[in-house]
Number of protein chains: 2
Amino acid sequence: MTPAVAGGAPARTTPPLNRAQVLAAGVALADREGLAAVSMRHLSAELGVVPMALYKHVADKHDLVAGMIDLVVAGYAVPPPGLEWREGVRRHVLAARDALLEHPWLRPAIEAATQRTPAVLAHMDTVAGAFAAGGLSYDLVHHGMHALGHRIWGFSPEAFSNPPAPGTLPLPAPSAAEQHAMMAAVAQQYPHIAAIAIDTATRHPLGACDDQFEFEFTLDLLLEAVARLHVTGWSSR
Amino acid sequence: MTPAVAGGAPARTTPPLNRAQVLAAGVALADREGLAAVSMRHLSAELGVVPMALYKHVADKHDLVAGMIDLVVAGYAVPPPGLEWREGVRRHVLAARDALLEHPWLRPAIEAATQRTPAVLAHMDTVAGAFAAGGLSYDLVHHGMHALGHRIWGFSPEAFSNPPAPGTLPLPAPSAAEQHAMMAAVAQQYPHIAAIAIDTATRHPLGACDDQFEFEFTLDLLLEAVARLHVTGWSSR
DNA sequence: ACCTGAACACCGTTCAAGT
DNA sequence: ACCTGAACACCGTTCAAGT
């Protein structure tokens with residue numbers, strides 16, 4: 001076995017790793033052998049390096065998977081601007097679906113993740129913007145996103161209220177000043193998410209997003225739509 | 001530390017374990033500490049037994065989790081008979097949701113499982129029956145179930161076509177005789193699933209359930225329903 | 001700055017043995 | 001029939017050390 005560099009570099013035979021390489025290798029490995037095969041040890045072997053070397057580029061296993069998710073989600077295809085709102089939303093959702101079909105591990109990975117990553121939030125904001133482009137109220141945008149639900153992945157409405165798994169320590173509540181700074185930063189980066197949050201807070205001053213309401217809203221929307229097809233004698237093909 | 005039995009049973013201090021006890025302990029442990037805490041070693045310690053003892057009652061880890069899923073799904077509340085079909089479906093879905101809220105590990109467990117278990121199939125059949133009670137065509141029942149999608153858990157339409165994870169060996173295709181026997185057994189136990197399968201096979205002789213069609217069917221159903229709310233000036237609260 | 005080696009506390013599962 | 005003990009091939013992550 002000769003080192004990868006042919007010329008004769010003296011001490012360091014291979015260039016040092018970086019985060020992007022580690023994440024890309026993780027994505028490639030997951031594509032090839034599934035998410036379960038992405039262990040620190042297996043991935044490091046793939047990169048010709050000892051397991052602990054990865055910890056220079058990745059905080060821990062969760063950070064590795066979060067980075068892999070973001071790498072893919074940031075690459076979602078973006079439809080051309082100026083589409084009618086329904087077509088715009090449609091294209092965004094189908095673009096996300098394309099990525100999910102290409103990377104079957106992505107959906108379980110996003111579902112298992114406890115924190116939403118920046119690219120995931122950005123996609124959420126983009127889809128909310130596509131709704132808002134049609135002049136829908138942010139109230140309806142909010143519920144519309146909940147209705148699409150897991151169809152938009154990366155973005156999933158559960159981002160708003162994800163019950164922590166048992167055995168997880170609750171994060172310390174941010175102070176008022178921290179909350180203010182956070183809101184300002186979110187409003188800057190994710191204007192549509194901020195608009196929904198403000199609209200929701202105005203409507204329901206107690207703050208909480210009522211999951212039960214969202215669930216029944218979508219359920220009834222779907223049942224009514226199916227019933228409508230039933231009475232019109234709809235048939236596939 | 002004295003044995004649990006007080007009276008003075010001579011050799012065997014505790015009654016032998018059985019499958020139901022193991023599964024119930026697994027459910028209790030998952031409820032208390034999350035699915036990740038349910039390891040063969042941890043669960044066996046909980047039962048005061050060596051890890052290998054569990055393998056007398058459970059084939060392996062997958063069988064343990066499948067048994068835990070079935071235990072909960074078989075306990076879904078059943079709405080009273082004779083309801084209008086939409087209300088019937090609604091109650092079944094909300095009963096499943098109640099169980100999911102009570103056992104937060106259930107959804108990830110069902111999602112991660114590769115095989116549908118008997119109780120999950122039975123629930124599916126029950127919901128299909130609730131649709132069919134309204135006189136809907138099995139074509140529409142099929143698409144309606146796909147539209148409800150993950151809202152009915154245990155039951156999820158992906159049961160029809162679950163892409164195997166990479167690295168999983170494909171099961172050998174059943175012979176024609178085996179297929180015939182399987183269909184007969186299914187038709188016996190799950191009449192509504194069988195009716196949908198027959199209807200689908202009649203419509204699409206090539207057999208496959210077109211996931212892309214299902215996805216877009218639901219997507220468009222939802223977008224149209226939201227658009228309808230938009231034009232009527234719908235507002236929450 | 002980046003990588004290594006040995007170690008720790010975990011996994012699921014096998015096999016042969018005990019009672 | 002049911003449970004045990006030792007072993008194997010894995011995990012993620014720590015710490016102190018190398019270059």
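Naming: A, B, ... by sequence-line order, numbering from 1 per chain. For the numbers below, each heavy atom of this structure counts, side chains included, while hydrogens, waters and symmetry mates do not. It should be emphasised that the depicted structure is a prediction, and the values quoted were computed from it without experimental measurement.
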Practice task
Would you sketch DNA chain D in dot-bracket for me? Only Watson-Crick or G-U wobble pairs with both distances under 3.5 Å count, crossing pairs as [ ], other-strand pairs as |, the rest as dots.
Solution key: ||.|||||...|||||.||
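- Remark: B/Ala99 pairs with B/Val72, B/Tyr76 by the side-chain contact (heavy atoms from CB on, under 4.5 Å) rule, at least two apart or across chains.
- Residue pairs that meet the side-chain hydrogen bond (donor to acceptor under 3.5 Å, both in side chains) test with at least one member in residues 52-67 of chain B, sequence neighbours left out, are B/Arg19-B/Asp63.
- Across C/dG12, C/dC3, D/dG12, the shortest atom-to-atom separation from the side chain of A/Pro16 is found for C/dC3.
- When the side-chain contact (heavy atoms from CB on, under 4.5 Å) test is applied to A/Pro79, the partners found at least two apart in sequence or on another chain are A/Leu83, A/Arg91, A/His92.
- Counting heavy atoms from C-beta on, the side chains of A/Ile69 and A/Val120 come closer than 4.5 Å.
- Atom CG of B/Asn18 and atom P of D/dC2 are 9 Å apart (whole Å).
- Sorted pairs that involve residues 66-75 of chain B and meet salt bridge (Lys or Arg N to Asp or Glu O under 4.0 Å), not counting sequence neighbours, are lacking altogether.
- Residue B/His57 places at least one side-chain N or O under 4.0 Å from the OP1 or OP2 atom of D/dC3.
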For residues 34-43 of chain B, run the donor-acceptor check on the side chains, cut-off 3.5 Å, and write out each pair with its distance to 0.1 Å, sequence neighbours left out.
unit_1  : atom_1 : unit_2  : atom_2 : d
B/Ser39 : OG     : B/His42 : N      : 3.0
B/His42 : ND1    : B/Ala37 : O      : 3.1

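- A/Glu102 pairs by the salt bridge (charged side-chain N to carboxylate O under 4.0 Å, His left out) definition with nothing, not counting sequence neighbours.
- Here the C1' atom of nucleotide D/dC11 and the CG atom of A/Asp60 are 14 Å apart, to the nearest Å.
- A/Met40 has its CE atom 16 Å from the C1' atom of C/dC10, to the nearest Å.
- Shortest non-hydrogen contact noted between A/Ala74 and A/Ala119 is N-CB, 3.9 Å.
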Collect all protein-nucleotide pairs involving nucleotides 4-9 of chain D in which both atoms are nitrogen or oxygen and the distance is under 3.5 Å.
unit_1 : atom_1 : unit_2  : atom_2 : d
D/dT4  : OP2    : B/Val50 : N      : 2.9

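- Between A/Lys56 atom NZ and C/dC3 atom P there is a gap of 9 Å when expressed in whole angstrom units.
- Distance A/Leu54 CG to D/dC11 C1': 14 Å, rounded to the nearest Å.
- Every residue meeting the side-chain contact (heavy atoms from CB on, under 4.5 Å) condition with B/Ala66, not counting sequence neighbours, appears here in chain and number order: B/Thr117.
- With sequence neighbours left out, A/Gln21 forms a side chain to side chain donor-acceptor pair (under 3.5 Å) with no residue at all.
- The CZ atom of A/Arg19 sits 18 Å away from the P atom of C/dA1 (whole-angstrom rounding).
- Taking atom OH of B/Tyr55 as the reference point, atom C1' of C/dG12 lies 5 Å away to the nearest angstrom.
- Listed by chain and residue number, B/Asp31 satisfy the side chain to side chain donor-acceptor pair (under 3.5 Å) test with B/His103 (two or more places apart in sequence, or in another chain).
- Distance, B/Glu33 CD to C/dC10 P: 13 Å, rounded to whole Å.
- Within residues 61-72 of chain A, no residue approaches DNA chain C, by heavy-atom distance under 4.0 Å.
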